[in-house]
Structures are given as structure tokens and as C-alpha cells.
Amino acid sequence: MFIRICLVCALLFSLSGCGSVWSAIKPADVKSWHRDILAKDEMQLDANSMELTLDEKIYFAREASRGGGGFGGGGCGCN
Amino acid sequence: MQLKKKANLQRTLATATCSLIATTMQLDAQAKGEKWEVNATGFFYQEVDRISVYEEILSVKKELGENEYLSLKRTLDIMTGASPTGEAEPQASATFTSPSGSSLSTASGESPLGEFQDIRTAYNLSWQKPLTKMLNSTWTVNYSYEYDYSATGLSGLLSKDLEGRRTTINYGVSGSFDRIKPTNGVPIGGTATTNLTRYRADNKFTLDLLLGITRVLNRRALGTLTYMRGTSSGYLNDPYKVYSLLNSDNLTPSGTTYFEHRPSLRRTNSVHTRVIRNRSEKSSMGDVVDFSYRYYWDSWDVKSHTAELRYRQNMKKSKEDEHVIYHLRLYRQFEADFYRYGVPATQLIPEYVSADYRLSSLATATVGIGWGQKYFKDLQVNVRGEFMYQWYIASELNALQAVSVQGSLYYQF
């Protein structure tokens, strides 16, 4: 049930969003002088890096999965 | 009248000249690589009836040249409280000895908890350097220390820009060497907890490989797809976790406990995809949707799905830089093939057994809200609060509830 909800959410987001699925297939020719929106701080992949680092540490200690978009730091996560 | 106009014009020209000089000086400073960024963060995490963590992070980032940065981060964690040892819940109140040697008591129908207190200090040094116009590199060294655990890691990441920077390919490798030194020595996995044979320390090695692609999807959206493969080997048991032999009812503990025993090799895989999209065509006002999904699987038969959404709402009626972020994360995990609540005393004990609830089938839901505001263009203040609820599909353990709060200050000069 949970997986179905996740998949439906992902599908709805993709369809209702920006045509991301189609864009992924057909490369978008966005010139550098049209990247004012993409250049904003909140559009960067590391925009919430501190929050992501703290969250990853909690989930590393409470769940069995690891990895994702980048490398994590060290630590036991025993307790 | 003309004199007044002339005075206004002079004032305007003077202001414009000063602004231009100030901007030029700032650009000069940036071109010379004089830009600094300092971040101070405080974080508090509290679980109901279990552990609490206070963490503070201080980081400094220095611009050395065009797209070249050096950053140093120091983290301090203070952890106290109690966590489940893996023992089955007793029918009546009981006293037992925790894996760390201390005497603990637990009430009927409650999971035995092992108390602990720990302080962790970690350092992370990162150097981002362009190798060519279209090839960037990031090199990182990290070290973390607890009195019973230390970890040393190295990583390198290469990012190659293609198609006029519309596409970036990322290749990375990371290695970690961990040293495990539990309070009363390293227990031998699968032996009875009454067995006092221990050795001083053991090691764990981890190697991670990363391959990813980031691409501009359109004028206001970009997406990433990352595959990561990891290999961990060595001592992969949790030295503080045990499992119980169960009575004939397969539920209540017989009183005999064993140290958990996990395979000494673990191969992990994850596929992670993320889309960041600005909802508005106007660059200054748009809300930002950040959605990610990860599928994880490993050689212990753990599988998981993670879906995460961050929605950043710019406060239009206020200043441009004031925003609120809403956060939702859903996680579902399927248990490791050697996870057991306990082992019936009448059965042969399998080679690998763990009753660590974190390897069981479980689900986690997290909701959070954050607020941020920029002051004087150089100072950014962020605060946020989160609530986490974790429940166990095939375990007798009570659900876990936790809250966390975070405050951060960023300053650029």
C-alpha cells in the first residue's frame, strides 16, 4: 500500500509538474542567458545541505539503508 | 526649481557612483578570492523515553579562486539515554545485565533498554577545485571520534560538464576505515553473553562508488539520477545488541541471551532520483518544489523505498528572502533475512541472527516546517522543527516518536 502511494505521488508529481518526464527524454536547450531561475540559491542541489546532513545522520542511526545522492560522514550509529 | 532638479540629479549621480564603486570593490574582492562563509548550527533531537542528542556544527568556507573553495567543519554530538538491546520483552518485571555490563531493570511488556552516554567529535575538510574549464573535483577527508568508535574517511568526486553545462556527469569514490572498541571489549558474534571471551578492538572497511547525472530539464527545473554501490567488510555486528532464546510460546524470553551475529560482508546498492522545480516564471518570486525518491537494496536482503518532498514558499507579502519550508518524508523498509525477534530454545540457532529492530520491517514518517530570513544581504537565519514517527511491522517494539529542532546562522563576508 505504502509503495503504491509513493509511486502514485511520484507519477502525479511528474505529470503535473513541468513535463519533466518528456524533458528527460528530449534534452532542453536552455541557453546560459536563460538560467536566471536555475542560478538562484534555492535551486541549487546543496541548498539545504546542513538540514540534509543532520537528517541523514538520524536516519542512518534509526534505519538500515544508507547512500543516495552523495557520500555521508563517519560514525557508529550503534545506539 | 531648476536648482532643486540639479541638486537631485547630483545626489542621484553621487549615489550611483558610490554604488558602482562599492559593487566594483566587492567584485574585486570576490575575484581575488577573499570571500568567506561561516555557518553555526545547533540541533536538538529527543526521542520519547529513549535517547536525546545535542549537536553543534561550526563550519568555515573560504573562496580561494574562481570556483575553488576550501571548507572545514567541526561537529560535536552529545548523546544520552537508552535504546533497545534486542532482548525479548519479559512477562514480568526483570533485572538483567546490559551488553555493556551495567545492571538494568525493565517492566513487564516493555523492551529492555541499554543506557549509554557518548560524546562524538568529528572534523571534515573539503577542497573543491576545478581541474579544467568543464571538469570539477571535490576532495574530502573526515575523521570522527567516540571513546568506543573512530572513523577515518577519504572521498573524491569528479564532475564533468557537457552540452554547454546542461548536463553534468558525476563520478565518485569514498573509503572509510572504522575502529571499534566497545566498553568491555569486542564480543564474539553468536556467543552467549555469559561468555567473557572478548578482544580489545576490531575494524570495519567501507568502499562506496558513485555514478550520477545532473541535467537541466527546462528553464526552471533540473533533475539528478545517482547510482551508488557500497561494500562493507569486517566487524559489522553492533557490539551492544543481543538476542534472546525464547520459551515454547515463541514469545517470552527463556533468560539466555546471545550476542548478535551478522555476516562480515555487506554489499549495498541505491538508486536516487531528485527533481527541483521553480513554480514561477518570475525568478524572484517562485516557490520551489524539491522531490526525491530512493530505492535501496543490499546483500542482507534489506530493501527500502524513500520518498521525500520539500516545498519552499517565498513570503510574497514580505521581503523576497523570507521563506517557509514544508517537509514530508516517507520511508518503508523490508527486514534483513537474518532478523529474528528471538530464537526458540528448541531450535538449532542459525549462523546469523540479529534482533536489532533497525533491521526489521518498519516504516517512518517525518513532517517538518522551517523558516528562513536574510538580513543585511549577508546574514541568513534558519530555524526548523520536525516530528518523526517510526512503527514496526513485525516487531513487538513500541513505536518510536521523536522531535527535533534546529537553528542555523550563515554569514558571508
Side-chain angles (χ1 to χ4, degrees), chain A residues 1-3 5-7 9-10 13-14 16-24 26-32 34-45 47-55 57-79, chain B residues 39 41 43 45 51 79 83 116 120 122 124 142 144 146 149 151 153 155 163 166 172 174 176 208 216-224 226 228 230 238 240 268 270 272 274-278 283 288 291 293-294 296 302 304-305 307 310 312 330-333 336 358-359 363-364 390 406 408:
Chain A
M1 188 62 186
F2 181 89
I3 300 163
I5 291 169
C6 289
L7 289 173
C9 287
F13 175 79
S14 301
S16 67
C18 47
S20 305
V21 176
W22 172 242
S23 300
K26 184 181 176 293
D29 188 15
V30 182
K31 303 292 184 195
S32 53
H34 285 148
R35 294 189 194 167
D36 52 337
I37 298 174
L38 296 171
K40 286 188 71 81
D41 287 347
E42 61 264 32
M43 291 296 290
Q44 306 310 305
L45 291 169
N48 302 303
S49 60
M50 189 59 75
E51 285 76 9
L52 293 174
T53 304
L54 289 164
D55 288 353
K57 198 181 289 178
I58 294 298
Y59 299 127
F60 172 69
R62 287 290 166 265
E63 295 166 351
S65 310
R66 64 182 194 85
F71 301 125
C76 178
C78 293
N79 294 291
Chain B
N39 171 240
T41 293
F43 179 73
Y45 170 86
I51 73 162
M79 297 163 276
S83 65
F116 74 98
R120 172 178 172 269
N124 181 299
N142 58 60
S144 84
E146 298 160 60
Y149 199 96
S155 70
E163 299 179 311
R166 289 196 298 273
S174 167
S176 174
D208 287 318
V216 171
L217 300 178
N218 58 40
R219 198 175 164 235
R220 53 190 173 125
L222 60 96
T224 67
T226 307
M228 275 185 74
D238 186 326
Y240 301 115
T268 63
S270 68
H272 179 264
R274 186 175 170 197
V275 176
I276 304 177
R277 182 195 168 229
N278 195 305
S283 63
V288 177
F291 178 80
Y293 169 78
R294 177 187 67 177
Y296 169 92
V302 174
S304 72
H305 301 272
R310 279 190 169 81
R312 176 185 161 124
L330 299 170
Y331 176 84
R332 173 73 164 94
Q333 174 180 302
R358 295 170 299 184
L359 293 171
T364 313
Q390 186 175 67
Q406 179 197 334
S408 295

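Proteins come first, then strands; the chains are lettered A, B, ... in the order of their sequence lines, and each starts at number 1.
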Under the side-chain contact (heavy atoms from CB on, under 4.5 Å) criterion, do A:F71 and B:N142 qualify, and how do the steps go?
-> CA-CA 11 Å; A:F71 301 125; B:N142 58 60; over 6 Å; no
Contact part of B:S174 toward chain A, heavy-atom cut-off under 4.5 Å: side chain, backbone, both or neither?
-> both
CG (A:D55) and CZ (B:F43) are apart, to the nearest 0.5 Å, by 6.5 Å
Would a distance-only check, ignoring hydrogens and angles, find a side-chain to backbone donor-acceptor pair under 3.5 Å from B:Q390 to A:R62?
-> yes
side-chain contact (heavy atoms from CB on, under 4.5 Å) between A:L45 and B:R274: does it pass, once the steps are laid out?
-> CA-CA 9 Å; A:L45 291 169; B:R274 186 175 170 197; 4.0 Å; yes
Which value, rounded to the nearest 0.5 Å, describes the distance between A:S65 atom OG and B:R332 atom CZ?
-> 11.5 Å
Relative to chain A, which of B:I276, B:L222, B:I51, B:V302 shows the most heavy atom pairs under 4.5 Å?
-> B:I276
Is it true that the side chains of A:Y59 and B:T364 contain a donor and an acceptor less than 3.5 Å apart?
-> no
Side-chain donor/acceptor of B:Q333 to backbone N/O of A:E63, under 3.5 Å | no
Flag, side chain of B:R166 to backbone of A:V30, donor-acceptor distance under 3.5 Å | no
Full working for side-chain contact (heavy atoms from CB on, under 4.5 Å) between A:R66 and B:D208 | CA-CA 11 Å; A:R66 64 182 194 85; B:D208 287 318; 3.0 Å; yes
Does the B:R219 side chain pair with the main chain of A:H34, one donor and one acceptor, at a distance under 3.5 Å?
-> yes
Can A:M50 and B:N39 be said to form a side-chain contact (heavy atoms from CB on, under 4.5 Å), step by step?
-> CA-CA 9 Å; A:M50 189 59 75; B:N39 171 240; 2.5 Å; yes
Closest heavy-atom pair, B:Y296 versus A:A64, reported as atoms and distance to 0.1 Å, is OH-O, 3.7 Å
How far apart are the closest heavy atoms of A:G68 and B:S270, and which atoms are they?
-> N-OG, 3.5 Å
Under a 4.5 Å heavy-atom cut-off, does chain B meet the side chain of A:Q44, its backbone, both or neither?
-> backbone
